[in-house]
Amino acid sequence: MIKPTWRIFSTRASVFRLCGHTWRNTLSLFRPKDSRYWWYSFYFDGERHRKSTKKTKKTAAAVVEASLLAHLQQGDAIELGRKKPPVLRDLAERFLEWVDNSQQLTPNGKRYYRYGWRLLRLSKLAGMRIDHISQDVAESIVFERPLLNRKKKDKEGRYEEKKETVTCTGHYTNQALRTLKRMHNKAVEWKLLRDAPKIRLSKAPGRDRMIDERAEDELEQAYLEPVEHRRIKRLRQQAWLVVVILQDSGMRPDEVFPMRIENIDWDQNRIWVPEGKTDNATRFVPMSDRMKTMLRGWCGSRKEGWVFSSSRSKSGHLTTIAKGFQAARGRAGLDKKLVPYSARHTYGTYTMEKSGNAFAVSKSMGHADLKSMEPYQHQELEPLRIAINQRNRRKKFGQVFGHVSENAS
């Protein structure tokens with residue numbers, strides 16, 4: 001550590017450079033008329049540091065200032081006396097205010113972060129200082145979520161929470177962790193935290209599973225099996241159409257639910273997605289012949305409005321098919337780890353395997369970068385085996401093997 005000399009503090013207006021850092025010592029140590037303590041005031045890397053040293057003697061105050069400068073140069077301390085980073089619960093007040101007022105977040109994004117905080121609120125992380133929440137701490141938390149009383153709603157129209165809680169699945173855990181990561185990033189932006197820890201998400205079963213041809217046929221039969229109730233029949237047809245769109249276009253569920261008829265380009269066989277999870281989510285997606293035929297029948301003569309309208313939803317459109325999918329999956333006897341998002345994963349995997357064009361597939365799925373394509377690049381062994389066999393055609397490995405066998409016998 002390089003120790004600054006005392007002469008630094010006796011200069012009233014000087015600029016100093018040390019190991020690439022710059023500070024301007026404009027007033028150095030001074031004592032206000034209404035105070036018995038010495039104060040320091042200087043600029044370091046463009047940021048002003050001005051505060052009482054709580055020392056009545058100038059030599060003692062100089063030691064305090066020298067210590068602060070040394071810590072700032074090392075980058076392991078912030079200004080002496082500055083408030084400690086807040087606990088997560090206190091940060092949540094400002095974070096949720098930002099969520100409500102943000103013009104960048106979609107309504108779905110706002111709901112996502114609000115519920116993510118509800119999960120964090122029930123964990124021990126809520127009472128921890130944000131600079132103490134490291135990657136290891138976050139990854140060791142087992143999140144719990146409250147059960148909802150779907151017979152009662154609060155003033156805001158949300159289902160009331162019961163006292164009972166259940167352990168979160170991977171999807172809910174990732175929702176809490178993504179919210180925590182966003183809160184850390186906002187804390188850095190608001191200069192409440194120096195650096196945000198890198199937190200890995202947990203593995204969410206189901207998203208890496210594909211809907212093969214057998215499972216697809218069984219799901220279709222389960223959705224479209226005869227039923228007398230007209231409303232239930234229409235809801236099942238609607239849910240099956242959503243699954244088809246997910247699988248044939250690679251759209252996210254939250255992009256399918258708010259689809260509008262005017263965004264369907266029937267002539268070019270594509271659908272415009274005006275907004276979504278990432279900046280790259282604004283895009284065109286392909287419309288297969290099956291999708292086109294089913295959407296034509298569903299929309300009928302309508303030329304505008306929600307594709308999947310819902311009079312029971314505040315948004316005016318469908319918001320989920322989770323319960324219907326679970327029921328159809330149960331009737332079909334399929335694995336419980338199969339979820340609606342598996343249809344999108346099926347699209348990514350199949351198009352990647354057949355086209356080999358990672359850029360085109362990534363763009364059609366609205367990914368932020370090509371790294372997101374890794375889950376869809378399944379390594380099929382048969383093409384690799386065929387390639388090696390073609391290379392080895394000129395080799396007489398059969399004769400060599402026979403020669404070795406004779407010697408061994």
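Not measured: the values here are computed from a predicted model. Any value given below was found using the heavy atoms of this structure, including those in side chains, with hydrogens, waters and symmetry copies removed.
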With rounding to the nearest 0.5 angstrom, report the [atom1] to [atom2] distance, [X] to [Y].
X      : Y      : atom1 : atom2 : result
Glu353 : Thr351 : CD    : OG1   : 9.5 Å
Ser288 : Leu295 : OG    : CG    : 8.5 Å
Leu246 : Thr346 : CG    : OG1   : 10.0 Å
Ile141 : Leu180 : CD1   : CG    : 9.5 Å
Tyr223 : Gln238 : OH    : CD    : 10.5 Å
His345 : Ile211 : NE2   : CD1   : 10.5 Å

Could you tell me whether [X] atom [atom1] has more than 12 heavy atoms of other residues or ligands within 6.0 Å of it?
X      : atom1 : result
Lys292 : NZ    : yes
Asp212 : CG    : yes
Glu213 : CD    : no
Tyr172 : OH    : no

Would you say the side-chain atoms of [X] pair up with the backbone N or O of [Y], donor to acceptor, closer than 3.5 Å?
X      : Y      : value
Thr179 : Gln175 : yes
Trp298 : Val307 : yes
Arg118 : Leu122 : no
Ser140 : Val137 : yes

Arg31 NZ/CZ over Trp39 ring centroid, <6.0 Å and within 45° of normal | no
cation_pi(Arg182, Trp117) dist<6.0 Å, angle<=45 | no
Would you check if [X] and [Y] make a side-chain contact, meaning some heavy-atom pair closer than 4.5 Å?
X      : Y      : answer
Arg178 : Ile199 : no
Ile321 : Phe257 : yes
Phe143 : Leu120 : yes
Leu68  : Glu65  : no
Val242 : Pro253 : no
Thr282 : Pro274 : no
Arg145 : Thr165 : no
Val273 : Met251 : yes

With [X], which residues qualify under side chain to side chain contact (heavy atoms under 4.5 Å, CB included), at least two apart?
X      : value
Glu262 : Arg260, Glu304
Thr167 : Val142, Glu144
Glu225 : Arg236, Arg331
Leu91  : Pro86, Leu88, Ile130, Met183, Ala187, Trp190, Leu192

Would you please name every residue forming a side-chain hydrogen bond (donor to acceptor under 3.5 Å, both in side chains) with [X], sequence neighbours left out?
X      : result
Glu218 : Arg214
Gln237 : none
Thr293 : none

Show the numbers, then the answer: is there a side chain to side chain contact (heavy atoms under 4.5 Å, CB included) between Met259 and Ile264?
-> CA-CA 9 Å; Met259 276 178 55; Ile264 302 176; 4.2 Å; yes
[X]: what forms a salt bridge (charged side-chain N to carboxylate O under 4.0 Å, His left out) with it, not counting sequence neighbours?
X      : answer
Lys186 : Glu189
Arg200 : Glu139
Arg270 : Asp265
Arg121 : Glu161

Can you name the nearest heavy-atom pair linking [X] to [Y], along with the distance?
X      : Y      : value
Phe30  : Ser41  : CE2-CB, 3.8 Å
Arg283 : Val285 : NE-CG1, 3.6 Å
Pro258 : His317 : CB-NE2, 3.7 Å
Gln135 : Pro197 : N-CB, 4.2 Å
Gly348 : Val361 : O-CG1, 4.1 Å
Ala176 : Leu119 : CB-CB, 3.9 Å

Result for side-chain hydrogen bond (donor to acceptor under 3.5 Å, both in side chains) between Ser313 and one of Ser311, Ser315, Ser309 points to Ser315
Name the orientation class of the two ring planes belonging to Tyr113 and Phe95 (parallel below 30°, tilted from 30 to 60°, perpendicular beyond 60°).
-> perpendicular
Can we say Arg129 and Asp131 salt-bridge, meaning some charged N sits less than 4.0 Å from an Asp/Glu carboxylate O?
-> yes
Check step by step if side chain to side chain contact (heavy atoms under 4.5 Å, CB included) holds for Trp306 and Ile261.
-> CA-CA 6 Å; Trp306 304 116; Ile261 298 175; over 6 Å; no
Sequence neighbours left out, what pairs pass salt bridge (charged side-chain N to carboxylate O under 4.0 Å, His left out) with at least one residue falling in residues 95-113?
-> Asp100-Arg114
Examine the side chains of Arg344 and Tyr341 and answer whether a donor and an acceptor come within less than 3.5 Å of each other.
-> yes
For the residue pair Ser52 and Tyr40, confirm or rule out a side-chain donor-acceptor distance under 3.5 Å.
-> no
Decide side chain to side chain contact (heavy atoms under 4.5 Å, CB included) for Tyr112 and Asp254; before the verdict, give the C-alpha distance in whole Å, the side-chain angles of both, and the deciding distance to 0.1 Å.
-> CA-CA 11 Å; Tyr112 187 91; Asp254 289 342; over 6 Å; no
Does the side chain to side chain donor-acceptor pair (under 3.5 Å) test come out yes or no for Tyr347 and Ser364, once each step is laid out?
-> CA-CA 10 Å; Tyr347 169 88; Ser364 71; 3.0 Å; yes
